[in-house]
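Inspection log for the structure reproduced underneath, given as structure tokens.
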Amino acid sequence: RDAARWHFSTQPVRPFLTLLPNNTLKTRRARRSRRKHAQLGSQATLTCWVNIDNMPEVDSRLRVLRDLRVSTRFLGILLVSLGTPCAGAGAADAPMRFGNPFGMQLRRAPAAAPAIWAPAIVREAATNEACLLRRTDGTLELYAIAKPASDAVTVIRARDGGFTWSEPQFAFPLPGKAYYALQVLEGADGTLHAVAHILGEGPGGYRGRLYEVHYTRKAADAIAWSAPRRIVPGYVGSIRGFIRLQRGGRLVLAVARAIPEREQAPPSGPDFGWNDTFVYFSDVHGATWRQSPDQLTLELPTPNVTRYGAIEPALLELRDGRVWMLVRDRGGRLWQSYSATGERWPALERSPFISSDSPAALLRLRDGRIVLLTNACQNWTDPRSYAMGGREVLHAAISADEGKTWRGFREILHETNTATRGDRGTAYASAAENSGGKVVVVSGQGEGKRAIVAFDPRWLEETETRDELG
């Protein structure tokens with residue numbers, strides 16, 4: 001009765017369970033709106049096995065069985081009290097961290113990175129749109145905008161392949177407040193390069209607001225980062241495309257920038273939304289930047305409240321030196337363009353990759369294969385569904401022939417069942433390969449939905465599978 005929180009360690013047959021503040025178990029069947037309730041009481045006894053793995057705070061005195069009177073049919077419900085009451089415990093709006101009573105949330109992460117095979121959640125991630133980077137020495141670094149102040153960037157580190165992470169440390173200050181957009185990469189000489197957008201006000205943005213991109217760097221032997229300076233004016237949303245080319249070391253940055261005169265849909269004629277994609281590049285290690293003369297657009301075929309345009313481009317260098325771009329769109333597929341050097345870009349063409357209105361992420365493995373991360377969700381039960389198809393699942397695919405053919409498209413992260421407002425779901429992935437060849441991904445938006453996930457890329461090529469969730 002006085003438990004601070006509850007853990008369901010196995011899967012109910014049909015219902016989802018929630019412990020209400022009045023000590024009531026609420027059940028919700030997947031395809032029915034009817035709800036039944038079972039009051040906690042002492043008239044019947046359900047034998048429980050207490051699972052205290054990964055719960056060091058549980059005192060042995062709390063390894064008890066609970067009496068339960070149930071008015072609906074359940075199978076194998078195991079309840080564990082996790083400690084003494086805390087302020088706000090049991091609140092109906094408290095997020096359930098990875099609380100789905102199905103799927104990968106029931107798969108325990110191995111004790112160490114080498115044992116990873118199928119995707120498993122390693123830990124919760126702190127903020128949206130964090131950037132994951134593997135350093136030359138094998139250390140994984142996860143950079144994020146410091147919240148709630150939003151005026152600095154923090155970093156956490158893992159030296160065991162992504163399983164044990166340090167406490168957040170200050171990385172560098174920002175010249176203003178950021179939202180979440182951030183990308184960090186390492187050069188061949190160990191120099192770190194970073195871009196983030198900074199909030200401002202004035203013309204040339206969107207509805208009087210600016211989010212201008214600032215660049216900073218930290219040399220391998222330097223103690224501090226350079227003072228951030230503006231390299232892209234206007235309003236730039238999420239930053240997904242920032243890479244260093246192996247041939248020549250060129251830095252390439254692709255972003256979507258607001259077009260103020262297209263803030264409103266035109267009364268007639270084609271509508272290209274209120275953003276276009278622009279590319280910036282530097283051949284002098286970020287000292288100066290040039291803008292590509294090409295402006296990439298997407299025509300929106302039908303009227304809709306959502307009219308972003310060509311946004312959130314992701315980049316990858318191919319073996320032949322070309323740069324591949326994937327662009328987010330609301331029409332059910334990603335769009336793409338190929339550049340010979342990262343400077344000139346042909347018009348976007350529709351790609352074969354299914355996607356909701358969500359960005360892609362690309363990762364080159366050390367053996368040359370390419371991993372693609374997308375939200376290939378197409379839930380159209382509601383024409384106005386969140387992100388035009390949904391972001392409930394993050395998918396991964398792998399290519400061994402430079403993107404000509406792909407295998408996998410398997411689910412690596414499921415959205416938790418926490419109801420939230422605003423940005424949510426499993427989108428905005430950032431990935432790195434650890435020293436053991438495992439893929440580590442940080443992704444998700446919203447409280448209780450952001451996760452660090454690890455998997456073996458060979459899992460994407462399986463032709464048969466089994467899952468043990470007991």
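Everything numeric in this text was worked out from a predicted model, so none of it was measured.
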Aromatic ring pairing Trp324/Tyr338, orientation class (parallel under 30°, perpendicular over 60°, tilted between): parallel

Start with the C-alpha distance between Leu192 and Tyr143, add both sets of side-chain angles, then the distance that settles side-chain contact (heavy atoms from CB on, under 4.5 Å), and finish with yes or no. CA-CA 12 Å; Leu192 293 173; Tyr143 290 85; 3.6 Å; yes

Summary of salt bridge (charged side-chain N to carboxylate O under 4.0 Å, His left out) pairs that have at least one residue in residues 155-170, sequence neighbours excluded: Glu141-Arg157

Indicate yes or no: at least one non-hydrogen side-chain atom of Ile452 is less than 4.5 angstrom from one of Leu132. no

Should Val153 and Trp225 count as side-chain neighbours, where that means a heavy-atom distance under 4.5 Å? no

Could you walk me through whether Arg250 and Glu317 pass side-chain contact (heavy atoms from CB on, under 4.5 Å), step by step? CA-CA 11 Å; Arg250 168 175 283 180; Glu317 182 182 14; over 6 Å; no

Just how far is it from atom CZ of Arg244 to atom CG of Leu185, taken to the nearest 0.5 Å? 8.5 Å

Would you call Arg424 and Glu392 a salt bridge, taking side-chain N to carboxylate O under 4.0 Å as the test? no

Looking only at side-chain N and O atoms, does Ser358 offer a donor or acceptor that is under 3.5 Å from a partner on Arg391? yes

Please enumerate all residues that pass ring pair (Phe, Tyr, Trp, His ring centres under 6.0 Å) together with Trp165, with sequence neighbours excluded. none

dist Ile223:CD1 -> Lys218:NZ (nearest 0.5 Å) comes out at 8.5 Å

Interatomic distance, Trp345 atom CH2 to Phe278 atom CZ [nearest 0.5 angstrom]: 14.5 Å

Would you call Arg135 and Glu186 a salt bridge, taking side-chain N to carboxylate O under 4.0 Å as the test? yes

Could you grab the distance from atom OG1 of Thr374 to atom CG of Leu362, nearest 0.5 Å is fine? 10.0 Å

Is there a side-chain contact between Val232 and Leu253 (heavy atoms, below 4.5 Å)? yes

Going through the distances and angles, do Val439 and Leu365 end up as a side-chain contact (heavy atoms from CB on, under 4.5 Å)? CA-CA 9 Å; Val439 175; Leu365 301 180; 4.0 Å; yes

Close side-chain approach of Leu372 and Leu316, heavy atoms under 4.5 Å: no

With a 4.5 Å cut-off on side-chain heavy atoms, are Leu296 and Val327 touching? no

Which atom of Ala432 lies closest to which atom of Leu140, heavy atoms considered: CB-CD2, 4.2 Å

Do Ile116 and Val122 come within less than 4.5 Å of each other through their side chains, counting heavy atoms only? no

In Å and rounded to the nearest 0.5 Å, what is the CE to CD1 distance from Met325 to Ile243? 9.5 Å

How would you list all residue pairs meeting salt bridge (charged side-chain N to carboxylate O under 4.0 Å, His left out) that involve residues 434-446, not counting sequence neighbours? Lys438-Asp456

Hey, which of Ser238, Ser356, Ser355, Pro359 is the one that makes side chain to side chain contact (heavy atoms under 4.5 Å, CB included) with Arg328? Pro359

Give the minimum heavy-atom separation between Asn128 and Gly446, together with the two atoms involved. OD1-N, 3.2 Å

Indicate the atoms forming the closest heavy-atom contact of Ala109 with Ile121, along with that distance. CB-O, 3.6 Å

Can you find a pair of side-chain heavy atoms, one from Glu402 and one from Ile370, that are under 4.5 Å apart? yes

Counting N and O atoms only, with roles assigned by atom type, does the side chain of Arg366 sit under 3.5 Å from a partner on the main chain of Ser435, one being a donor and the other an acceptor? yes

Below 4.5 Å, heavy atoms only, C-beta onward: do Leu174 and Ile145 meet side chain to side chain? yes

Looking only at heavy atoms, the pair that brings Asn375 and Ala427 closest together is OD1-CB, 3.2 Å

Between Arg369 and Glu461, does at least one N-O distance fall below 4.0 Å, as a salt bridge requires? yes

Between Trp459 and Glu411, which heavy-atom pair has the shortest distance, and what is it? CH2-O, 3.4 Å

Which atom of Val236 lies closest to which atom of His197, heavy atoms considered: O-ND1, 2.9 Å

side-chain hydrogen bond (donor to acceptor under 3.5 Å, both in side chains) with Tyr428: which of Arg450, Glu312, Gln445? Glu312

Nearest-0.5 Å distance that lies between atom SG in Cys377 and atom CG in Asp357: 12.0 Å

How about Phe281: does its CZ atom have over 12 heavy atoms from other parts shown lying under 6.0 Å from it? yes

Donor-acceptor contact below 3.5 Å, side chain Arg240 vs main chain Ala254: no

If you apply the rule side-chain contact (heavy atoms from CB on, under 4.5 Å), what do you find for Gln183 with His193, and how did you get there? CA-CA 8 Å; Gln183 289 291 310; His193 304 266; over 6 Å; no

